[in-house]
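Just so it is clear, the structure is predicted and the values come from calculations on it, not from any experiment.
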Amino acid sequence: MKKGNRRLNYEDRKKIEKMVEQGARVVVIADTIGFHRATIYNELQRGGTPYRADVAQRTV
């Protein structure tokens, strides 16, 4: 998937949550979802510890 001008939506956040639970590395998550790794790091901070897609979605 091409990285570029699009925003994370709830489905993307659910994918991130599932991959984090499985122990995937940030680089792998970024490549799978199609975003830069810095975007994933920022999203992980936004979603709290442990990462929750619902929390991250509400803070946007």
Side-chain angles (χ1 to χ4, degrees):
M1 179 180 282
K2 181 182 177 238
K3 296 178 184 178
N5 281 343
R6 69 181 190 97
R7 294 178 182 228
L8 285 168
N9 57 34
Y10 186 65
E11 290 78 27
D12 294 329
R13 289 184 169 98
K14 290 300 285 183
K15 289 178 191 174
I16 292 170
E17 182 177 351
K18 185 176 180 180
M19 293 181 79
V20 167
E21 288 173 356
Q22 295 173 345
R25 295 178 47 210
V26 171
V27 176
V28 174
I29 296 171
D31 287 341
T32 302
I33 305 296
F35 285 89
H36 192 274
R37 67 182 181 274
T39 303
I40 304 301
Y41 278 117
N42 291 336
E43 183 65 19
L44 292 175
Q45 288 180 343
R46 181 177 296 117
T49 304
Y51 179 78
R52 302 290 302 164
D54 298 332
V55 173
Q57 186 70 23
R58 279 188 253 138
T59 61
V60 174

Can you name the nearest heavy-atom pair linking Val27 to Arg37, along with the distance?
CG2-CD, 4.4 Å
On a heavy-atom basis, the closest approach of Ala56 and Gly47 is CB-CA, 3.8 Å
From Arg25 CZ over to Ile40 CD1, what is the distance, rounded to the nearest 0.5 angstrom?
14.0 Å
Go through the structure and list residues passing side chain to side chain contact (heavy atoms under 4.5 Å, CB included) with Asp54, not counting sequence neighbours.
Tyr10, Arg52, Arg58
Any side-chain heavy-atom pair of Ile16 and Leu8 under 4.5 Å:
yes
As a quick check of understanding, evaluate side-chain contact (heavy atoms from CB on, under 4.5 Å) for Lys15 and Thr32, giving each step before the final call.
CA-CA 9 Å; Lys15 289 178 191 174; Thr32 302; over 6 Å; no
Once you round to the nearest 0.5 Å, how far does CZ of Arg13 lie from OH of Tyr51?
5.5 Å
Would you find a donor on one side and an acceptor on the other, under 3.5 Å apart, between the side chain of Asp12 and the backbone of Asn9?
yes
Taking the basic N atoms (NZ, or NE/NH1/NH2) and the acidic carboxylate oxygens, is any pair closer than 4.0 Å for Glu17 and Lys14?
yes
